[in-house]
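Working notes, structure below.
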Amino acid sequence: MSALPRSYYDRDTLAVARDLLGCTLVHDTPRGRAAGRIVEVEAYHGEEDPACHAAAGRTLRTAPLYGHPGFSYVYLIYGMYHCFNVVTRGEGHPSAVLVRALEPVEGLDLMRERRALRRRGAGPLAERDLANGPGKLCAALGITLEHNRADLIHSPLRVEAGAPPGAVVWTPRVGITVGTDRFWRCFVKDSTHVSRSHLNRVLAEVPRPATV
DNA sequence: GTACAGATAAACT
DNA sequence: GTTTATCTGTACA
């Protein structure tokens, strides 16, 4: 299996978000391979999207969003967790897709080890809790700030094609206080590996939004 | 099952 | 000094 080509990411951000569902996020390291099927994503699009980090303009932190498609944008959130994005569209159009949840496929033991490092007491983690959140999947795959601005086409960190999912659902994005009117979160409807499952029932479902 | 407090550091004002 | 695209343990139903 090879990485998705750069042209895949140089498209409408919502289309890329939708199409990434069912693909596999893979990270090869000296400790082994960890991989998971992408089941939940969010689109962040342009300086006019108030929830996009680029809404604050181009800074040291947001520079990757303005760069080439097919590169990563990783940042630290709440001082403890990392969030992994893939940059979409051409240079100068600051937009990206946040990967929010994976269904573990390969390297489950490695994922469990990495995740356990972050927990205090606690028993063994259930398979569904390994990567069902943006911070969790970064921990499980060993993604840190050093993977910011990585070229996902030529890197141990990459996205590979996978079987398209069945029905998908679009809802407002999670964890933000602005831009909640845009239904730019997308997840595999039947997946048991989606984040914040307790919210999913009350959120409205809409057809695929217009392209951006 | 739901609700809440607290952890913790980089970037930005 | 403030903000933050989160997660976890504890408390309670």
Side-chain angles (χ1 to χ4, degrees), chain A residues 13-14 16-18 20-21 25 36 38-67 71-89 94-102 104 111-149 169-187 192-203 209 212:
Chain A
T13 304
L14 292 179
V16 176
R18 166 66 174 76
L20 281 174
L21 296 180
L25 180 60
I38 299 172
V39 295
E40 178 183 352
V41 294
E42 283 177 358
Y44 287 87
H45 184 261
E47 297 179 341
E48 285 71 42
D49 172 7
C52 182
H53 287 174
R58 184 170 189 154
T59 65
L60 180 64
R61 179 209 207 190
T62 63
L65 291 171
Y66 291 78
F71 279 71
S72 66
Y73 169 48
V74 181
Y75 61 89
L76 186 70
I77 189 69
Y78 297 110
M80 307 177 72
Y81 304 103
H82 298 275
C83 286
F84 170 78
N85 299 248
V86 298
V87 174
T88 63
R89 303 202 66 191
S95 45
V97 174
L98 168 70
V99 179
R100 286 194 56 91
L102 303 177
M111 290 186 183
R112 240 182 276 273
E113 276 181 48
R114 287 173 172 149
R115 288 272 287 118
L117 293 177
R118 299 189 162 252
R119 295 157 55 83
R120 288 195 294 216
L125 273 169
E127 183 260 4
R128 82 167 42 169
D129 290 321
L130 287 177
N132 61 340
K136 295 177 184 178
L137 74 88
C138 282
L141 263 56
I143 298 173
T144 67
L145 276 184
E146 73 182 66
H147 300 98
N148 190 27
R149 310 192 83 156
V169 177
W170 292 88
T171 75
R173 292 167 291 183
V174 175
I176 54 175
T177 56
V178 292
T180 50
D181 57 319
R182 302 170 198 219
F183 285 55
W184 288 356
R185 172 180 180 237
C186 186
F187 61 88
T192 55
H193 298 264
V194 169
S195 73
R196 304 204 192 187
S197 55
H198 58 290
L199 285 178
N200 297 336
R201 280 171 292 126
V202 299
L203 294 170
V212 290

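Numbered from 1 within each chain, the chains take letters A, B, ... in sequence-line order.
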* To do: May I ask you to evaluate whether A:Arg100 reaches the phosphate of C:dT6, defined as a side-chain N or O under 4.0 Å from OP1 or OP2?
  => yes
* Whole-Å distance between C:dA5 C1' and A:Asp181 CG? -> 16 Å
* State whether A:Tyr44 and A:Arg173 meet the cation-pi test: NZ (Lys) or CZ (Arg) under 6.0 Å from the six-membered ring centroid, and within 45° of the perpendicular axis. => yes
* **Protein-nucleotide distance (A:Arg173, atom CZ; C:dT4, atom C1'), rounded to Å** => 15 Å
* Mind checking whether A:Pro50 and A:Arg182 have side chains closer than 4.5 Å, heavy atoms only? -> yes
* Checking all strands, does A:Arg61 fall into the base, sugar-phosphate, or nothing category for heavy-atom contacts under 4.0 angstrom? -> sugar-phosphate
For residues 74-86 of chain A, please give each side-chain donor-acceptor pair under 3.5 Å, one per line with the distance, not counting sequence neighbours.
residue	atom	partner	partner atom	Å
A:Asn85	ND2	A:Tyr73	O	3.1

* Any A:Arg115 side-chain N or O less than 4.0 Å from OP1/OP2 of C:dT8 -> yes
* Structure fact -> Rounded to the nearest 0.5 angstrom, the CD1-CG distance for A:Ile143 and A:Leu25 is 5.0 Å
* Asked: To the nearest 0.5 Å, what is the distance between CG (A:Leu65) and CZ (A:Arg149)?
  -> 9.5 Å
* To do: Give one of base, sugar-phosphate or nothing for A:Leu98, where a contact means two heavy atoms less than 4.0 Å apart.
  => base
* To do: To the nearest Å, give me how far apart CG (A:Asn148) and C1' (B:dA10) are.
  => 12 Å
* Asked: Once you round it to whole Å, what is the distance between P of B:dA10 and CG of A:Leu145?
  -> 8 Å
* Structure fact -> Taken to the nearest whole Å, CZ/A:Phe84 to C1'/C:dT6 is 17 Å
* Residues two or more places apart in sequence or in another chain: which of them pass side-chain contact (heavy atoms from CB on, under 4.5 Å) with A:Glu127? -> A:Pro104, A:Leu108, A:His193
* Under the 3.5 Å Watson-Crick or G-U criterion, the dot-bracket string of DNA chain B, with | for inter-strand pairs -> |||||||.||||.
* For A:Ala139, what residues pass the side-chain contact (heavy atoms from CB on, under 4.5 Å) criterion, not counting sequence neighbours? -> A:Arg115, A:Arg118
* Value in whole Å for how far the C1' atom of B:dA11 lies from CG of A:Leu65 -> 14 Å
* Where along residues 40-48 of chain A does a heavy atom come under 4.0 Å from DNA chain B, residue by residue in number order? -> none
* In whole angstrom, what separates A:His147's NE2 from B:dA10's P? -> 17 Å
* Asked: CG/A:Leu125 to CE/A:Met111 distance, rounded to the nearest 0.5 angstrom?
  -> 12.0 Å
* Structure fact -> Rounded to the nearest 0.5 angstrom, the CG-CG distance for A:Leu98 and A:Leu20 is 11.0 Å
* **Minimum heavy-atom distance A:Ala43-A:Ala17, with the two atoms named** => CB-CB, 4.4 Å
* **side-chain contact (heavy atoms from CB on, under 4.5 Å) between A:Leu102 and A:Ile38, worked out** => CA-CA 5 Å; A:Leu102 303 177; A:Ile38 299 172; 3.7 Å; yes
* To do: May I have the distance from A:Arg196 (atom CZ) to B:dC4 (atom C1'), rounded to whole angstrom?
  => 14 Å
* Structure fact -> So, with a heavy-atom separation below 4.0 Å from DNA chain B, the residues of residues 73-81 of chain A are A:Leu76, A:Tyr78, A:Gly79, A:Met80
* **A:Phe187 and A:Arg100: CA distance, side-chain angles, deciding distance, side-chain contact (heavy atoms from CB on, under 4.5 Å) verdict** => CA-CA 9 Å; A:Phe187 61 88; A:Arg100 286 194 56 91; over 6 Å; no
